[in-house]
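Below is one structure, written out as structure tokens; the observations come after it.
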Amino acid sequence: MADPIALIDCNNFYVSCERVFDPRLAGVPVIVLSNNDGCAIARSEEAKALGIKMGAPAFKMRDVIERHGIRVFSSNYTLYGDMSRRVVDTIGGFSPRFEVYSIDETFVDLSGFGERMIAQASDMRQEVRERTGIPTCVGIAATKTLAKLANFAAKKNPLFAGICNLTDDAIRDYVLDRVPIGEIWGVGAATEAKLQAQGILWASQLRAMPLPHARKIGTVVLERLVAELRGVPCIGIEEVEPQRKGMAVTRSAGTPMTSFDELSQALSAHASRAAEKLRSHGLVAGTITAFFHTNRHKPERPQHSASRTTRLTPMSADSFDLVEAALRCAARAWKGDRDHNGYAYTKAGVILDDLVVADKAPRLLFPPDRPRDARLMGALDAVNDRFGKKTLVLASEGYKRSWALRADHRSPRYTTRLSDLPTVNI
DNA sequence: TCTGGGGTCCTAGGACCC
DNA sequence: TCTGGGGTCCTAGGACCC
């Protein structure tokens, strides 16, 4: 059999993070909202039981929240990111080979533990719980896809008590007969519909599908998926984070933007933030895309969506370069009167592509007369690092920030900001 | 009437993930 | 009034080459 892989996945991660720092949240319904307090992206079991759906818009839940006293939080990514790091640190103590798959999931290579495999997984859960306060579930199987499925079963079926081992043939058949195809990692709405149309409803049925048929329905991706369901590993554990290919900063506007000025200010802020991210990773970008669009959830209103892409020559991580390029794109994409063109834009962003490690970037044959001075960006980052984000910004960002997003229910940055440390009364 | 064959590279768009 | 943000991979099709 292939080497066993474990997937350790934090339960309702964002909610669990909030609970670590406020024990009064235990046992009560809690939800965490997306950016701009838009929709629910994490729910406690109690909130799920009340029918709160993943991705449900906050404004439509007002009644339920009121009626059941659901505790609501804006997302606090600084806190979640830091807690995630602590969880991963703990997991790293259990196996030398692991892959951080997302903020709340890690694949762990369990080969070599033999009989002790299950005990090891159990210890790992225990240790994460003790050191971070975060509850987890573990799924074990021969492939990543099966490990994801095992984790799903561990979460859903209390019989497994948090650990589901699909390397056991009987358990594997039992689970695959009962998991709907839509719950399988890699089967989204489109593939689910295609499969259902052919009468394939359960994971075990998909596993039995001939490989050529799978490829016909869903290209090589579905073919690999079927192989993985059969226990043939097609997706390896990636211990080192691969060089990232693109980077985006996009935001909904707190209040819709109706003038080119407002849009420019928002895009300036997004482009600066993108440049900051690039520099923190030691990268430069080769192309930049700026886009903006109206509210797609309101088709009865006038709709407009536009985007433009331009090359950055030389490749750059300089805030001035990126802001300039983004605004050039926006100006080309804007239509009509600059003060008021009849559209209300609710979302804008910049996307960077062709990312390269800064000192490997190609040099220009004919460099610009007045090249950007890297020391300026160094100073900018140093000031903002020391005195807080946005202490120093480019003037093109404006000062009103009318587009800025909402976050009315944010919890304190308990672990990353001294002034937010909890106080203990003795 | 008859109009080659075989490549590469790039981009846009779809599908999926958390 | 109010519906997130940030990624990856794959394919088809066009442009271009000899």
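Proteins get letters first, then strands, A, B, ... in listed order; numbering begins at 1 in each. If you're wondering where the values come from, they're calculated on a predicted model, not measured in any experiment.
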Students often get this wrong, so: under 4.0 angstrom with heavy atoms, is Lys245(A) touching a base, only sugar-phosphate, or nothing? sugar-phosphate

Take the angle between the ring planes of Tyr345(A) and Tyr343(A) and call it parallel below 30°, perpendicular above 60°, tilted in between. tilted

Could you tell me which non-hydrogen atom of Leu267(A) sits nearest to which non-hydrogen atom of Val350(A), and how far apart they are? CD2-CG1, 4.1 Å

Given the C1' atoms of dC17(C) and dG4(B), what is the spacing between them in whole Å? 14 Å

Between dC18(B) atom P and Trp185(A) atom CH2, what is the distance in whole Å? 8 Å

Determine, stepwise, if the pair Asp354(A) / Lys245(A) fulfils side-chain contact (heavy atoms from CB on, under 4.5 Å). CA-CA 6 Å; Asp354(A) 292 347; Lys245(A) 302 189 163 108; over 6 Å; no

Here's one to test your reading of the geometry: is the NZ or CZ of Arg178(A) within 45 degrees of the ring axis of Tyr174(A) and under 6.0 Å from its centre? yes

Rounded to whole Å, the CE-P distance (Met247(A) to dG7(C)) equals 6 Å

Base-pairing mate for dC18(C) - Watson-Crick or G-U, with both contacts under 3.5 Å: dG5(B)

With a 4.0 Å limit, can you tell me whether Arg224(A) has a side-chain N or O closer than that to the phosphate oxygens OP1/OP2 of dC10(C)? yes

Sugar-phosphate only, base, or nothing, as touched by Ile184(A) at under 4.0 Å among non-hydrogen atoms: sugar-phosphate

Using whole Å, report how far CD1 of Ile52(A) lies from C1' of dT3(C). 14 Å

Given that Asn35(A) and Lys298(A) both sit by DNA chain C, which one's nearest nucleotide is further toward the 5' end? Lys298(A)

With a cut-off of less than 4.0 Å, is there a side-chain N or O of Thr191(A) near OP1 or OP2 of dA15(B)? no

Taking atom types as modelled and ignoring hydrogens, do the side chains of Asp321(A) and Ser316(A) form a donor-acceptor contact shorter than 3.5 angstrom? yes

Distance test, side-chain N/O of Arg244(A) to OP1/OP2 of dG7(C), below 4.0 Å: yes

Would you say dC17(B) has OP1 or OP2 under 4.0 Å from some side-chain N or O of Lys148(A)? no

Using whole Å, what does the distance between atom C1' of nucleotide dT8(C) and atom CD1 of Ile103(A) come to? 18 Å

Output yes when a side-chain donor or acceptor of Asp420(A) lies under 3.5 Å from a complementary backbone atom of Arg413(A), and no otherwise. yes

Phosphate OP1/OP2 of dG5(C): any Ser252(A) side-chain N/O under 4.0 Å: yes

For Glu18(A) and Tyr414(A), which I'm curious about, is there any donor-acceptor pair between the side chains at under 3.5 Å? no

Using the side-chain heavy atoms of Thr250(A), tell me which of these nucleotides is nearest: dC2(C), dG4(C), dG5(C). dG5(C)

For the pair made of CD1 in Ile235(A) and C1' in dC10(C), what is the distance, rounded to whole Å? 14 Å

Nearest-Å distance, CD1 (Ile351(A)) to P (dG6(C))? 10 Å

Just wondering, more than 12 heavy atoms not from Gln243(A) lying within 6.0 Å of its CD? yes

Under 4.0 Å between any heavy atoms, over every strand shown, what does Lys194(A) touch: base, sugar-phosphate, or nothing? Just pick one. nothing

Write down the distance between OH (Tyr101(A)) and C1' (dC17(B)), rounded to a whole number of angstrom. 5 Å

Could I get a table of every N or O pair under 3.5 Å where one atom is in the protein and the other is in nucleotides 11-13 of chain B?
none

For dG6(C), does either OP1 or OP2 sit under 4.0 Å from a side-chain N or O belonging to Arg251(A)? yes

Give one of base, sugar-phosphate or nothing for Asp37(A), where a contact means two heavy atoms less than 4.0 Å apart. nothing

Tell me what Ala56(A) touches on the nucleic acid: a base, only sugar-phosphate, or nothing, going by heavy atoms under 4.0 Å. nothing

Counting any heavy atom closer than 4.0 Å, what does Ala248(A) reach on the DNA or RNA strands: base, sugar-phosphate only, or nothing? sugar-phosphate

Using 30° and 60° as the class boundaries, would you call the ring planes of Phe292(A) and Trp334(A) parallel, tilted or perpendicular? tilted

Counting heavy atoms from C-beta on, name the nucleotide in dT1(C), dC18(B), dG6(C) closest to the side chain of Lys277(A). dG6(C)

DNA chain C nearest-nucleotide lookup for Arg215(A) and Arg301(A): closer to the 5′ end is Arg301(A)

Counting the atoms with a prime plus P, OP1 and OP2 as sugar-phosphate, which does Gly218(A) contact under 4.0 Å by heavy atoms, base, sugar-phosphate, or nothing? nothing

For the pair made of OH in Tyr77(A) and C1' in dG7(C), what is the distance, rounded to whole Å? 13 Å

